[in-house]
Structures are given as structure tokens and as C-alpha cells.
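Here is how names work: the chains are called A, B, and so on, in the same order as the sequence lines, proteins then strands, and each is numbered from 1.
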Amino acid sequence: MVLEREGGINSRGQVTIFIIIAIVIVGLAVLIYFLFPSIRSNITGETQSPSQYIDTCMREKIEETIEVISLQGGSTNPQSYYLYEDNKIAYLCYTNEYYKLCTVQEPFVKEKIEREIVLGIEESANSCFESMIANYRNEGYDVSISYGDRYAELLPERVVVTFNNNLTLTKGETSEFKNFNVILTSRLYELTSIATSIIQKEATYGDVDQTIYMDLYSYIKAEKKKQTDGTTIYIITDRDSGNKFEFASRSLAFPPGV
Amino acid sequence: MKKRKIATFALLVFSIVMCVGLIYAEETVCCEQTNNGLWCQNDIFQSDCSGSAASTSCDQTSFCQLGTCISAEGICMPNTPNARCEAEGGTFNIEPLEDIPLCQYGCCIMGESTTYVTQTECRQLATDYGINTSFDREITDEGECLLMNLGNQRGACVTETETETLCTMNTQETCLANSDNEFYPGILCTSPDLHTNCAKTNKKTCGEDGRIYYLDSCNNIANVYDSTLYGDQDYWIHIQDTDCIAQGNSGSCGNCDYLDGTICSSDGGYVCKSLDCTDLTSLGVRDFKEEFDRTPKHGESWCAESEGTYPHIRVDPITGELVTNRSLLENESAYNLPGSEYYKLICYNGEVTIEPCAPQRNEVCVESTILETNFNQAKCQINNWRNCNSLNTKTDCEDAGFFDCKWIPGYRFDATIVSEDLREEQQGSCVPLFAPGFDFWSSTNASTENTNDAMALCALGTVAEAALFETNWVVDREDFAGWSAETQAGGCLDSCYSIPGYGEGLSLDQLNTIYTGGSVGTAIADLFVSQRRGHYCAKRNDPDQWLNGMVTGEEVGCADDERRRDFPLFFRNSDWISSMTSRTKSLGDCGYKMSASGEMGQADSEIITAIFQKLKQSGDVKENITDIETIYRGDKYVFED
């Protein structure tokens with residue numbers, strides 16, 4: 001009788017332990033499955049499409065680059081700038097004189113940002129395509145690629161980055177892939193349009209009432225911060241996403257003394 | 001011989017300094033592009049210029065000529081240098097933007113949305129989106145463009161399948177891209193005549209225009225939510241607007257109006273949420289409520305009550321003229337203190353943002369209220385203080401439409417004294433009403449120059465006076481401190497107001513009475529005023545020759561209209577000091593006053609020094625009896641400590 005009871009206790013404890021171990025194993029497997037996409041594709045037998053691969057690989061880098069550019073007046077590395085809260089903010093309109101209207105330094109801000117985005121993601125883009133090629137080769141594909149141009153477009157409510165590369169994958173059948181696009185939801189086009197409008201007014205009148213943009217666009221917060229040396233920092237924020245575009249202007253400045 | 005040598009030496013030194021200066025001066029130029037990437041700046045050292053350079057002003061060069069730069073996509077930017085425009089691949093046009101037809105803005109209609117751009121930009125958007133656009137150049141207001149009601153552009157897009165009739169709400173262009181579809185403009189999918197599987201529901205959503213809309217069972221946006229119309233058959237047939245007025249946090253009407261301060265919110269059910277700033281803990285809201293007895297509305301702005309500034313300077317909303325009593329603004333010891341700055345507070349979307357006015361009080365914050373709507377507006381207005389010194393009359397100085405200056409009777413900046421008939425209008429100084437600030441605390445070279453400018457400006461407030469005493473042979477001229485009061489004040493002939501305590505205890509009316517020969521009921525010898533007739537009177541028909549002799553009794557017998565001298569600038573020592581200090585403190589961060597942070601400045605920034613000299617009969621100085629001594633420091637005489 002005693003032996004049966006002891007055997008009963010041991011059995012239940014063992015079962016419990018086994019259940020716990022099983023849960024841990026399953027949990028680990030799930031974790032690995034989601035953290036390592038290549039393993040997932042090996043397990044499921046699905047191969048991520050090239051466009052999906054590039055999208056996943058580049059998306060975060062493009063977002064980071066856009067953020068850096070946006071906080072620095074449209075430049076990855078501003079040459080002429082005002083240091084505001086430890087950020088170098090590029091002058092889009094500037095004069096070194098007092099009582100004078102500014103001279104426009106960046107007439108086409110949208111185009112400038114589009115170029116800077118491409119510059120900023122250059123290395124990452126090369127790296128992503130190389131790793132994708134290596135990935136497919138490891139899976140037994142024959143890979144050939146021809147590199148075309150790459151460009152970024154700021155469009156209403158989105159940013160589109162395009163890589164005009166031609167990729168050919170052969171493993172039994174041959175598949176061709178052209179024009180890799182990464183599309184981000186972003187109001188950078190709208191923020192840039194407002195910045196362009198502000199620069200037009202700074203160059204024409206020397207100042208602007210930035211609240212008019214908040215009257216016109218409910219999702220916009222427009223701030224103006226005047227500095228000691230006559231520089232004005234503009235901060236245009238998309239309230240919905242929190243994304244900002246900041247830039248500097250120096251127009252119709254007054255000297256602090258006589 | 002010695003003198004010649006000194007003169008020569010002085011001349012020689014001067015010459016050497018001049019030559020050294022000439023050898024090392026670097027030319028400044030108009031620079032096409034500086035080493036740090038700036039385009040077309042004047043006054044740049046040649047060594048800092050990496051592009052083309054010219055010794056003329058930039059507007060006289062071809063490469064830095066300013067004009068309108070036009071991109072291929074139709075963006076037009078004014079005031080752009082030729083070289084910069086070309087470098088960016090733009091087309092340079094010497095004409096101003098408003099004169100270039102390509103650069104005129106209008107309303108670009110793209111399906112259901114609109115945007116305010118140039119016609120070329122509109123065409124570019126059509127290419128980018130692969131859709132048709134139309135451009136309305138008659139609409140020249142961006143707000144009007146964005147608020148265009150394009151409801152009638154939409155309609156029911158019906159697709160018949162074998163088993164059902166599907167419907168989505170779309171534009172005609174989008175709908176008919178599929179030739180199997182039929183489009184019914186201005187009709188909702190819930191219209192019974194369409195026999196669709198879409199029915200009315202109580203579901204709602206926020207539209208892109210910020211209003212609340214009903215959804216049908218197919219998740220199509222129907223009409224603007226109006227609970228009173230839910231049962232109306234036509235309300236679910238035709239696209240229509242509603243007249244209901246959404247109050248703040250309204251739950252029965254979805255006709256939110258962003259400009260009026262409401263917007264669709266899905267928090268806790270769909271309501272038109274108020275965008276007013278009602279949180280009393282937000283910056284400046286409590287001050288606003290105390291001033292206006294309500295919280296700020298969405299879109300309103302007001303002036304912050306910052307330390308050392310005058311709060312809520314009111315101006316007329318139409319004319320901009322000062323409404324606040326000017327005299328309240330004139331206390332230079334209480335307002336526009338060193339370190340103080342004006343700020344504008346703005347309420348939008350329930351949030352208060354702060355906009356600093358230009359530093360060093362180059363701008364001040366003013367407010368006005370639009371009476372019809374009880375809507376408050378503030379703005380940072382330029383402080384045109386630099387013009388004040390050049391205004392020489394009280395009227396010009398205090399012109400109602402130009403309230404940057406105030407008039408202080410007394411000294412003129414050119415140190416002249418005008419005739420008595422012109423005194424009220426011309427005898428005084430025009431100084432800033434809002435004392436400007438100076439950047440005197442940082443250590444850059446530019447700041448050193450600014451400091452020198454500041455010191456020069458404050459020095460405009462410096463004056464020198466010579467109080468002239470006439471004594472007799474029994475008075476020891478070398479012992480001024482030992483003089484009796486009768487002698488100190490009584491013996492004064494000119495500029496007597498500079499004597500500490502002169503005129504004390506007497507009103508201006510009383511002093512005027514004495515000066516014009518009247519009596520105030522007390523012997524003049526018993527008052528701390530001059531007993532010298534020359535202080536009050538000149539020889540008949542000879543204003544430059546003052547009368548000798550003492551005044552007797554209660555009256556100044558000689559002070560009739562023919563012989564009375566012009567009134568002094570001041571009657572009392574206290575008036576003299578008040579005028580000087582007020583004038584100096586108004587010039588800027590000058591004088592002995594408290595900063596915005598509550599710290600008093602240096603007392604040595606306001607001093608009166610005195611030296612006592614013995615004169616010959618000719619008026620030349622015979623000898624200095626004392627050294628230059630400070631008799632007044634900060635806000636009081638040193639002997640008052």
C-alpha cells in the first residue's frame with residue numbers, strides 16, 4: 001500500500017516536470033521561429049520574396065535616415081547650420097547682415113531631402129542586397145543582379161524609395177524581379193511643403209505667422225523659436241506620428257545693440 | 001622744445017598705428033559660396049570664400065543676382081541667387097515671383113482631395129499618382145482650396161455579380177476605371193433604388209475633414225452624423241450636408257468644425273471633441289482665466305506674464321494703437337528689466353505652445369480682442385527703439401500709432417536748452433518705452449563689440465552740471481561742507497537743482513511761485529532754495545547778465561516778466577535725479593535696477609561724482625579744492641547710509 005502511494009506521488013511529480021519542460025521547449029521554438037526569419041522559411045518551406053526581404057532589411061534604416069535628415073533641416077551632414085539643443089540645424093535661408101532679407105540657400109527642399117535619403121541609405125542598401133544574394137545562394141539559387149539607379153520620392157502621405165535593380169533567381173525555374181520599392185507612411189511631403197512656404201515668406205517678408213499652417217492643417221503643429229543672433233528655428237510637427245521637420249532661417253535680423 | 005618733441009612724438013605714434021592697421025586689413029567681398037557652404041553673402045573675408053568673389057555688393061554681380069528659381073516640378077522660390085539656382089538644376093528668372101504666371105498658385109483637385117500648388121506641381125502630382133487632376137486658378141486662397149466641398153464628386157460605385165450587388169463610395173474616375181461598374185453621383189450605397197447589400201447602421205467613423213460620419217453595413221462612409229436625421233429616408237439616399245451645430249464634446253451632431261474648435265474624436269464614443277485649452281495646469285492658462293474670466297479657445301493666443309515685463313499690453317485690433325494706459329508702461333524700474341523677455345502663448349488642439357518673442361526685447365508681446373467674437377490674439381511686435389533718439393519733439397515721440405518711445409522732460413541728447421516757449425514740446429529726450437536688452441554677458445568677439453555698443457548707449461544718459469555759488473569774503477570757499485544750509489543753497493546762482501536736497505519740502509507750485517516772484521508765506525532764507533537774485537533775474541533787456549544781490553523776505557522782488565530768467569530745467573534735486581535716472585534706465589540695460597531674476601545690479605552703474613573748485617572773477621578755475629568724489633551711488637546719496 002505504502003509503495004503504491006509513493007509510486008503515485010513520484011509519477012505525478014514527473015508528469016509535472018515533463019509538462020513544464022515541454023512548455024519551455026515549445027516556447028523557445030516559437031521564439032526562435034519569429035526571431036530568425038530564415039529559419040522560419042526553412043521550416044515552412046517558404047522563401048521570403050526578394051521585395052519582402054529588401055523591405056524588411058531597409059525599412060528601419062530608411063526611417064532612421066529620414067528622422068536624422070528631418071531634424072537637421074534636410075541634410076545628413078549640414079555645413080552651414082545653427083546649433084539648437086545639440087542638433088545641427090541647416091539654414092535654408094540666410095543672410096549674415098542685419099536689416100536684410102535672407103538669401104535662399106535651398107530652393108528645392110523636397111528634392112534635397114530625396115537626394116539626402118539616398119545618400120544616407122547607400123551603405124545599408126548595398127549591404128542588404130549583398131546579404132539577400134548570399135541568402136538565396138545558400139538556399140541553392142543561382143543569382144544574378146544588375147544594379148540600376150536608386151531614388152527616393154516624397155509623395156503625399158508617403159515616402160517611396162526605389163531600387164531599379166534587376167534580380168534573376170534560378171532554381172529549376174527562373175524568376176525575375178525588378179524595381180524594388182520600400183513604401184513608408186509619412187507626412188514628410190506635407191512637412192516639407194510647409195517648410196517651402198515658410199522659406200518663401202522669410203525671403204519675401206522676413207517673418208511669417210506660423211499659426212496659419214495650424215489653421216489649415218489640423219494635424220500640424222508649427223513652432224517658431226527666435227534666437228539671440230537673429231536666427232529663427234522652425235519646428236513643424238505631424239501631431240499624429242510625432243515626426244518633425246526642423247530648419248533654420250536668418251532674415252531681417254536686428255542687432256542687439258545700437 | 002619739449003612741447004614740440006611731445007607733439008612730434010604723439011604724431012609719430014599715431015602714424016605708426018595707422019600704418020600697421022593698413023598693412024594687416026583683409027578685404028571683404030561678396031562671396032558666391034563660403035567655405036562652410038553659404039551662398040552669396042556680403043562682407044566675407046577672401047580667405048573664407050571658396051567660390052567666385054567680387055569686391056562689389058552681391059546684388060551687383062551676375063552670379064549672386066537674386067531672382068525667382070523655378071524647378072522642373074513647378075516649385076518657385078523667390079530671392080534665390082542665380083548661381084544657387086543653376087547648381088540645383090532650376091531655371092532662373094529675374095522677375096519677382098508674383099509676376100511669373102507659372103508661379104501662381106491655385107487649387108489642384110485630385111479626386112476627393114485638394115492641394116494648393118502651382119499648375120506645374122499639379123500636373124506632376126497627376127503623374128506621380130497616375131490620376132487625372134484639374135487646376136482651378138480662380139481659387140487663390142489656400143484655406144478656400146482645402147475646404148472645398150467635394151462631396152458631389154463622390155457617389156455610389158455599383159458592381160453587379162451573379163449573386164449580389166456590391167457597392168462602394170468612390171469618385172467617378174476611380175469607379176469607372178473598371179468598365180463593369182456603374183457610377184451614381186451624389187447617391188449613397190444605402191439608396192433602395194440601387195438594390196445593394198448595404199444598409200444603414202448606427203456605426204460611425206472620423207472623416208478626413210475632422211467630422212463624424214455614419215458608416216453603412218458595407219463600411220462605406222455615408223453622411224455627416226446627425227442623430228435627428230437617422231430616420232429620414234432621404235438622408236440615406238443622397239449625399240448631403242447637415243445644419244446641426246456641434247458644441248464642445250457634442251454627442252448628437254458630428255458636424256465638427258476645426259476652425260471653430262471641435263474635431264472628431266473616437267475616445268469614449270464618437271464626439272466632436274473641444275480643442276480649447278481648459279487644463280488650468282497648462283502654461284499660462286490660469287493667468288488667461290484670471291485676466292479674461294474663461295479658458296483660452298482653440299486658435300487664441302495671449303501674452304505670457306513673464307518676470308520683468310508688463311503683462312497683457314493691449315492694442316486696438318484694427319489700428320494697432322495702444323489701448324493700455326501709456327503711463328502704466330513707463331515705469332522702467334518695474335518693467336523691461338535686464339534679462340526679461342516677452343513670450344506669446346498659443347492654444348491649438350487643446351495644447352499650449354510657447355513662442356518666444358525676439359530676444360533682448362527686440363520684440364514685445366501685445367494683445368487685442370476681436371469684440372464680435374470675443375477672440376483674443378497676441379503677436380510679437382517689433383520694438384522700434386532705435387528710432388527714438390532721433391525724435392526731438394514730444395508729439396513725434398509719443399505718436400499714438402508708434403508707441404515704441406516715451407518723452408522724458410529735461411535734458412536733450414544734444415545738451416541744448418531751448419527757449420521757454422518751446423520747453424514743453426522740445427525740452428526733453430525721446431527714449432525707448434520698452435528698454436532694449438544687451439548681450440553683455442558672453443565672451444565672444446561679437447559680444448565684445450556689442451558690449452561696447454551697449455556702454456556707448458548707456459553713456460548717452462551721462463550729464464555734467466556746474467552748480468555756481470556766489471559767496472562773500474567771510475565765507476571760506478575751501479570748506480563747502482562747513483557752509484550753512486543758507487549758504488549752500490542760498491548762495492547758488494545756477495544749476496542749483498544739482499545740490500543734494502535742493503528744493504526739498506516744497507511742491508512744484510510753491511517753487512514756481514517763488515521763482516516768479518511770489519510768496520509762499522515763509523522767508524526765502526528759511527527755505528533750502530537760492531537767495532541769489534542772479535538765480536532768478538537778469539538785468540533788464542540783457543538776459544546774459546544776472547542781477548547781483550540777495551533776495552529779501554518772502555519774495556524775489558526782481559522776478560517780474562521783464563527781468564526773470566528762463567526757468568531752470570528742474571526745480572528740485574529730486575526731480576533732477578528722477579529725470580536722469582529715468583532717462584538712463586530707459587535707454588536699455590543701463591543704470592541701477594533689478595533684473596528679471598530679482599537681483600539688483602551694481603550700484604556703481606549709477607553714480608554722481610562731484611568736485612569743488614574755486615573760480616576767478618573771470619570764471620576760470622583757480623584751483624581744485626577737493627578731488628573728484630562719489631557723492632551718490634545706486635539709488636541714494638552716500639551720506640544717507
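With a 4.5 Å cut-off on non-hydrogen atoms, B:N389 does not touch chain A at all. For B:I70, the part lying under 4.5 angstrom from a heavy atom of chain A is the backbone only. Contact annotation for B:I75: both backbone and side-chain heavy atoms come within less than 4.5 Å of a heavy atom of chain A. Only the side chain of B:Y258 comes within contact range of chain A, with heavy atoms under 4.5 Å apart. Contacts of B:Y343 with chain A are absent, with no heavy-atom separation under 4.5 Å from either backbone or side chain. Heavy atoms of B:S71 lying under 4.5 Å from chain A belong to its backbone as well as its side chain. Residue contact with chain A, scored on non-hydrogen atoms closer than 4.5 Å, involves the side chain of B:L66 exclusively.
Other residues, nucleotides and ligands place no more than 12 heavy atoms under 6.0 Å from the CD atom of B:E208. Within 6.0 Å of the CD atom in A:E67, the count of heavy atoms belonging to other residues, nucleotides or ligands does not exceed 12. By the neighbour-count criterion of 12 heavy atoms within 6.0 Å, atom OH of A:Y147 is densely surrounded, having more than that number from other residues, nucleotides or ligands. The 12-atom threshold is not exceeded at NZ of B:K379, counting heavy atoms of other residues, nucleotides or ligands nearer than 6.0 Å.
In this structure, CD1 in B:I382 is found 7.0 Å from CG in A:L252, a value given to the nearest 0.5 Å. Here B:E341 contributes atom CD and A:T228 contributes atom OG1; the two are 7.0 Å apart, rounded to the nearest 0.5 Å. The distance from atom OG1 of A:T103 to atom CG of B:L38, rounded to the nearest 0.5 Å, is 9.5 Å.
With chain B as the partner, the residue from A:C102, A:S80, A:S218 showing the most heavy-atom pairs under 4.5 Å is A:S218. Ranked by heavy-atom pairs under 4.5 Å with chain B, the first of A:E153, A:R115, A:E223 is A:R115. Chosen from B:I263, B:N79, B:T353, the residue pairing most often with chain A at heavy-atom distances under 4.5 Å is B:N79.
Salt bridge status for B:E88 with A:K112: absent, with no side-chain N to carboxylate O gap under 4.0 Å. By the 4.0 Å N-to-carboxylate-O rule, B:E73 lies close enough to A:K110 to be salt-bridged with it.
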Residue pair B:E351, A:R239: steps toward the salt bridge (Lys or Arg N to Asp or Glu O under 4.0 Å) verdict:
CA-CA 11 Å; B:E351 181 187 345; A:R239 289 182 189 272; 3.0 Å; yes
Assess the residue pair B:N349 and A:Y219 against the criterion (side-chain hydrogen bond (donor to acceptor under 3.5 Å, both in side chains)); give the C-alpha distance rounded to whole Å, side-chain angles, the decisive distance to 0.1 Å, and a yes or no.
CA-CA 9 Å; B:N349 284 283; A:Y219 57 83; over 6 Å; no
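A donor and an acceptor atom, one from each side chain of A:Y213 and B:E142, are nowhere located under 3.5 Å apart.
Of all residues spanning residues 194-211 of chain A, those with a heavy atom less than 4.5 Å away from chain B's heavy atoms are A:T196, A:I199, A:Q200, A:A203, A:T204, A:D207, A:D209, A:Q210, A:T211, arranged by number.
A heavy-atom distance below 4.5 Å is not found between the side chains of B:W39 and A:V104. In this structure, A:K226 and B:C357 have side chains that are not in contact, with every pair of non-hydrogen atoms separated by 4.5 Å or more. Under the 4.5 Å side-chain criterion, counting only non-hydrogen atoms from C-beta, A:F254 is in contact with B:R386.
Side-chain N or O atoms of A:Q105 include none that pairs as donor or acceptor with a backbone N or O of B:R84 at under 3.5 Å. Between the side chain of A:K224 and the backbone N or O of B:P356 there is no donor-acceptor pair closer than 3.5 Å. No donor-acceptor pair under 3.5 Å is formed between the side chain of B:D43 and the backbone N or O of A:E97.
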